[in-house]
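Worksheet: one structure, shown below.
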Amino acid sequence: MDARPNSPEARDISYHMHGYTNARKHEEAGPLVIEKGDGIYVEDLAGNRYIEAMAGLWSVAVGFSEKRLVDAAVRQMSKLPYYHDFGSKSHSPLIDLAEKLVQMAPVPMSKAYFTNSGSEANDTAMKMIWYRSNAIGQPARKKIISRNRGYHGVTIAAASLTGLPNNHTSFDLPIANVLHTSTPHHWREALPGESEAEFSSRLADDLENLIQAEGPETIAAFFGEPIMGAGGVIVPPAGYWEKIQAVLSKYDILLVADEVICGFGRTGEMFGSQTFGIRPDIMVLSKQISSSYLPISALLINEKMFEPIADESNRIGTFGHGFTGGGHPVAAAVAFENLKLIEERDLVGNARAVGAHMQKRLRNLASHPLVGEVRGVGLIAAVELVGDKANKAPWETAGALGGLVNGFMQQNGVISRNMGDALAFCPPLIITEPQVDEMIDAFERSLEAAVKQIPQLARAFALQSGAGRQPPSTPVAGV
């Protein structure tokens, strides 16, 4: 870090409070200041180049230098830099985007509603669900079920849906009427000898037991990501979504698919709902909708949602909800152009083909002594690291090994993110097979660097390889 008093790093420490950051450690270490982006790469102030293995925050589908999105923003900015959709107002980019999204949906949808972020969209979905319950004469149906380790955002309601302790601790969350059920992580949560199908059945039973305990007449909706993202890239086990949806259908409970990470190609299909056979009443969209070049998010709602809400707005005189920047014309124009690019360049097909290569390369590391599980679909994956493979136990404290390897990855030119001990891989959809190899080669070097920090493993490697030699890329049997 540049420690000069007037350096960008020092000024950042003085004036900027960061999200998802230990504020005291930041005062000591300072920021990594990213100055440029080009394709899948970003560059810091010192000129160091990195593969952005997280596509920013799971989101930059078309890479960091797409001129067509810049041009779309400039054209719209010069024509109509701002307008809104309150009081029956609209504008062309918003109409184009709404039509495009409804037509793209994998199940029949009625309307698109626009917000600025995934958190705002999930908050809005909750409000719509409560509004609808009142409209259909079922005011007791206000409870919402999400899942432990699920991630749905950070605003008060969305953070309540999120099932991660650090999003609740000291924030006095979750709020009332938000419930959490089991995490569909077979490797970590299954009973000894329990198959994926058996595990899925048990989780469906957990959900039904929760519904029965709370009273089915009080449960309005279930929120779930097709693949759980920030909770560790948890891929649902065989039969999971089919069995969960059967329970929801039995009790007439709405299903909200949070497609904020999975949507627009990430899983090798346009939507994660297609990958896992999900039939939602509401779809929540953000991130790759505009490749995060500008903030925009959307909800798609079906007729079952829209018709009662429309009737209630007629009874009251308005639907009393909206955002100043919701459906911003510049963001909408950029999103529309971004979706055209995803389709024209078949980035969904690229995610499927290059994603298969990424998954294979990562799974080849499964026998490494630090690797507990490799999981993922398409161009999203995680490698969960362990200190003890037999017991799936962490090294030292939970998250220590993930943080160590993540630091080595940055030194080796790859920006990733450790969620505890799970290292995530979610590169831009434009990535090529040689670039995947570059990324995973750096990950392998980072694993080898971490081995040197763990005395037991370092000694075992030294015994096998001879003193002073580098740890091999293949593990010592039984370590």
Side-chain angles (χ1 to χ4, degrees), residues 84-91 94-95 97-146 152-153 155-158 160-161 175-178 216-224 245 248-249 251-260 263 273 278-286 289 296-328 332:
H84 59 87
D85 70 350
F86 286 26
S88 292
K89 308 297 189 302
S90 197
H91 49 79
L94 194 58
I95 296 166
L97 183 58
E99 179 182 45
K100 180 69 172 174
L101 292 172
V102 170
Q103 291 178 350
M104 290 177 74
V107 295
M109 289 291 170
S110 177
K111 301 291 184 292
Y113 185 93
F114 292 94
T115 52
N116 301 286
S117 68
S119 298
E120 286 183 2
N122 278 313
D123 270 29
T124 296
M126 289 181 68
K127 289 182 71 176
M128 284 183 172
I129 289 162
W130 292 335
Y131 196 87
R132 176 187 179 273
S133 291
N134 292 326
I136 63 175
Q138 297 181 16
R141 276 195 188 260
K142 297 292 168 60
K143 295 176 184 175
I144 309 289
I145 300 174
S146 59
H152 301 286
T155 48
I156 289 173
S160 297
L161 291 172
I175 60 173
N177 289 329
V178 177
E217 73 284 355
T218 71
I219 309 296
F222 178 94
F223 279 65
Q245 288 179 102
L248 300 177
S249 178
Y251 296 103
D252 195 25
I253 295 170
L254 298 167
L255 173 56
V256 182
D258 185 335
E259 292 265 9
V260 168
S273 292
I278 304 170
R279 302 174 302 280
D281 299 290
I282 301 174
M283 296 175 68
V284 178
L285 311 171
S286 190
I289 193 172
I296 187 170
S297 57
L299 297 91
L300 300 182
I301 62 174
N302 64 12
E303 287 289 307
K304 185 176 180 180
M305 280 295 300
F306 174 71
E307 289 299 327
I309 290 173
D311 289 342
E312 188 73 354
S313 73
N314 186 53
R315 185 186 70 81
I316 296 170
T318 189
F319 178 66
H321 179 79
F323 297 92
T324 301
H328 192 288

Residues Ser313, Thr318; criterion side chain to side chain contact (heavy atoms under 4.5 Å, CB included); working and verdict: CA-CA 5 Å; Ser313 73; Thr318 189; 6.0 Å; no
Roughly how far apart are Ile144 CD1 and Ile219 CD1, rounded to 0.5 Å? 8.5 Å
Which is it for Asp258 and Phe223 under the side chain to side chain contact (heavy atoms under 4.5 Å, CB included) test, yes or no, and what are the steps along the way? CA-CA 7 Å; Asp258 185 335; Phe223 279 65; 5.6 Å; no
Going by side-chain hydrogen bond (donor to acceptor under 3.5 Å, both in side chains), name the residues that satisfy it together with Lys111, two or more places apart in sequence or in a different chain. none
Between the CG atom in Asp85 and the OH atom in Tyr113, the distance rounded to the nearest 0.5 Å is 6.5 Å
Phe323 and Phe114 aromatic centres sub-6.0 Å: no
Apply salt bridge (Lys or Arg N to Asp or Glu O under 4.0 Å) to Lys143 and list each qualifying residue two or more places apart in sequence or on a separate chain. Glu214
Distance (rounded to the nearest 0.5 Å) between Phe222 CZ and Ile253 CD1: 9.5 Å
With rounding to the nearest 0.5 angstrom, report the OG1 to CG distance, Thr218 to Asn177. 8.0 Å
Restricting to side-chain contact (heavy atoms from CB on, under 4.5 Å), what partner residues turn up for Pro216, sequence neighbours left out? Ile211, Gln212, Tyr251
Count the heavy atoms belonging to other residues, nucleotides or ligands that lie under 6.0 Å from CD1 of Ile156, then report whether that count exceeds 12. no
By side-chain contact (heavy atoms from CB on, under 4.5 Å), which residues pair with Pro308, not counting sequence neighbours? Arg132, Ala135, Ile136
Assess the residue pair His152 and Ser146 against the criterion (side chain to side chain donor-acceptor pair (under 3.5 Å)); give the C-alpha distance rounded to whole Å, side-chain angles, the decisive distance to 0.1 Å, and a yes or no. CA-CA 9 Å; His152 301 286; Ser146 59; 5.0 Å; no
Working for side chain to side chain contact (heavy atoms under 4.5 Å, CB included), residues Ile316 and Tyr131: CA-CA 11 Å; Ile316 296 170; Tyr131 196 87; 3.6 Å; yes
Partners of Phe86 by side-chain contact (heavy atoms from CB on, under 4.5 Å), sequence neighbours excluded? His84
Inter- and intrachain pairs under side-chain hydrogen bond (donor to acceptor under 3.5 Å, both in side chains), touching residues 98-107, at least two apart: Lys100-Glu343
side-chain hydrogen bond (donor to acceptor under 3.5 Å, both in side chains) partners of Asn134, counting only residues at least two apart: Lys142
Applying side chain to side chain contact (heavy atoms under 4.5 Å, CB included), run through Glu217 and Gln138 and close with a yes or a no. CA-CA 8 Å; Glu217 73 284 355; Gln138 297 181 16; over 6 Å; no
What's the shortest heavy-atom distance between Ile129 and Ala221, and which atoms? CD1-CB, 3.6 Å
The side-chain contact (heavy atoms from CB on, under 4.5 Å) partners of Ala158 (sequence neighbours excluded) come to Ser119, Asn122, Asp123, Thr155
Quick one: side-chain hydrogen bond (donor to acceptor under 3.5 Å, both in side chains) partners of Glu312, sequence neighbours excluded? Arg315
Passing option when Glu259 is tested against Val284, Leu285, Ile278 for side chain to side chain contact (heavy atoms under 4.5 Å, CB included): Leu285
Pairwise side-chain contact, Val107 with Ser273, heavy-atom cut-off 4.5 Å (strictly under): no
His91 versus Gly327, closest heavy-atom pair with distance: NE2-O, 2.9 Å
Please tabulate, for the side chains in residues 296-307, all donor-acceptor contacts under 3.5 angstrom to protein atoms that are two or more places apart in sequence or on a different chain.
{"residue": "Ser297", "atom": "OG", "partner": "Thr115", "partner atom": "O", "Å": "3.3"}
{"residue": "Ser297", "atom": "OG", "partner": "Thr115", "partner atom": "OG1", "Å": "2.4"}
{"residue": "Ser297", "atom": "OG", "partner": "Asn116", "partner atom": "N", "Å": "3.2"}
{"residue": "Ser297", "atom": "OG", "partner": "Ser117", "partner atom": "N", "Å": "2.8"}
{"residue": "Ser297", "atom": "OG", "partner": "Ser117", "partner atom": "O", "Å": "2.8"}
{"residue": "Asn302", "atom": "OD1", "partner": "Lys304", "partner atom": "N", "Å": "3.2"}
{"residue": "Asn302", "atom": "OD1", "partner": "Met305", "partner atom": "N", "Å": "3.0"}
{"residue": "Asn302", "atom": "ND2", "partner": "Asp281", "partner atom": "OD1", "Å": "2.9"}
{"residue": "Glu303", "atom": "OE2", "partner": "Ser110", "partner atom": "OG", "Å": "2.5"}
{"residue": "Lys304", "atom": "NZ", "partner": "Asp252", "partner atom": "OD1", "Å": "2.9"}

